[in-house]
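Working notes, beginning with the structure itself.
Heavy-atom basis, side chains included; hydrogens, waters and symmetry copies ignored.
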Amino acid sequence: MPSSDEFTGWVGMDAKSVEGNLVKTTFNPKVFTDDDIDIKITHCGMCASDLHTLRSGWGPTAFPVVVGHEIIGIVTRKGKNVTQFEIGDRVGVGAQCASCLRDDCYECTHDNEPYCTESTFTYNSTFPGTDDVSYGGYALEGRYPASFAFKIPDALSSEVAAPMMCGGITVYSPLKRNGAGPGKTVGIVGIGGLGHFGILFAKALGSEKVYAISRSKAKEADVIAMGAEGIIATQEPDWTKGLSRKFDLIVSTANNSDMPLGDYLSILKPGGRFVQVGLPEEPIPQLGFFPLVLMNVSLLGSLLGSRSEIAEMLEVSAAKGIKSWVDTYPMEEVNEVLKLMDAGKAKYRFVLCN
């Protein structure tokens, strides 16, 4: 039976909503259970995933939809099974809001919840075994399973913490899992919302050298301020010259399907890894196996991060003073900010505030 509760949010009704046509109206959240919390949403970061979903770029979207999965808010209600939070706690919710968490699920018992077969995204998804739809953070209120909410350290402001809940963990996890740390040289492809976190976290994890890889050097001053050595510009002629066997790890946040993937693989050390986290809407060009075989490099993908990695990321950020580069706007201006986001104006994350 659908929930009789009504929350208020900015709802996408069709694929034209991405053009700044979200409608402020009510929606019915999932049925409240003993394992859930309600939160008063105070901040929500804006992610490229929101745009892809609103335009149905990754496939048909189940409209109506409330996007937003970089959520910070205050707990206003909790189910009787919820012991880790109290009313009034400040919590965050990211791009995943549920998985099965059963003892017989290999993924859930091995710190790999994003890959559970019953993983539920925070919007445009359905909770398994129910008709309940998940709704995101472009709203005044939210309802989510408490098991995928995280207490925010006092040292992190809400506008700084919000983009970490998706953008941050999307790069923190592959950096951590693939050995970013002392003695390693790391490349980050694409300097946007995800890419700027890639630089910040690669440095926070102790990587010896971090380079931004971008089409031009337009953002070089910014990436140096974030801790990078500089920018490698792929639009420059023979840009790979002198870079052979330079990188232990490259994490790509790029969303363009025409990326020079073969060139990226050619600058890895033998045994090096290239991890793709950006999701272009179009297929990438064909790739020959020679770079993979001759250099013994790995081509990998990564979705999000586990619950333990999210908690660790927040603690590392608090301890090391990691600050997201954000511009804040009132949630009421969401349609105008959508247009700015779609035009690539974010430096490097927009955060909506109630």
Legend entry - Atom CG of Asp103 with >12 non-hydrogen neighbours under 6.0 angstrom: no
Inset, instruction - Give a yes or no answer on whether the side chain of Ser207 reaches the backbone of Ala202 with a donor-acceptor pair at less than 3.5 Å. - result: yes
Legend entry - Backbone N/O of Ala95 and side chain of Thr122: donor-acceptor pair under 3.5 Å: yes
Legend entry - Donor + acceptor pair across side chains of Tyr135, Asn28 (<3.5 Å): no
Inset, instruction - Give a yes or no answer on whether the side chain of Ser17 reaches the backbone of Leu22 with a donor-acceptor pair at less than 3.5 Å. - result: no
Legend entry - Polar side chain donor-acceptor pair, Asp36 to Thr33, under 3.5 angstrom: yes
Legend entry - Side-chain donor-acceptor contact under 3.5 Å, Asp111 with Ser308: yes
Legend entry - same_hphob_cluster(Ile231, Trp239) at 4.5 Å side-chain heavy-atom cutoff: no
Inset, instruction - Please state whether the rings of Tyr329 and Phe350 are parallel, tilted or perpendicular, taking 30° and 60° as the class boundaries. - result: perpendicular
Legend entry - Polar contact flag, side-chain donor to acceptor under 3.5 angstrom, Ser216-Gln235: no
Legend entry - Asp154, CG: over 12 other non-hydrogen atoms inside 6.0 angstrom: no
Inset, instruction - Determine whether the aromatic ring centres of Phe197 and Tyr172 lie less than 6.0 Å apart. - result: no
Inset, instruction - Determine, for Asp38 against Arg143, whether the closest basic-nitrogen to carboxylate-oxygen distance falls under 4.0 angstrom. - result: yes
Legend entry - Aromatic contact, Phe121 with His69 (centres under 6.0 Å): no
Legend entry - Ion pair check, Glu229 and Lys209, cut-off under 4.0 Å: no
Legend entry - Flag if over 12 foreign heavy atoms under 6.0 Å of CZ, Arg245: no
Inset, instruction - State plainly whether the residues Lys16 and Asp14 are in salt-bridge range, i.e. N to O under 4.0 Å. - result: no
Inset, instruction - Decide whether Gln276 and Ser252 meet the rule of one side-chain donor and one side-chain acceptor closer than 3.5 Å. - result: yes
Inset, instruction - Measure from NZ or CZ of Lys30 to the centre of the six-membered ring of Phe127 and say whether it is under 6.0 Å with the direction within 45° of the ring axis. - result: yes
Inset, instruction - Answer with yes or no whether the side chains of Ser99 and Glu118 bring together a donor and an acceptor at under 3.5 Å. - result: no
Inset, instruction - Salt-bridge test for Asp342 and Arg55: reply yes if a basic N is under 4.0 Å from a carboxylate O, no otherwise. - result: yes
Legend entry - Check: Glu86 main-chain N/O paired with Asp89 side-chain donor or acceptor under 3.5 Å: yes
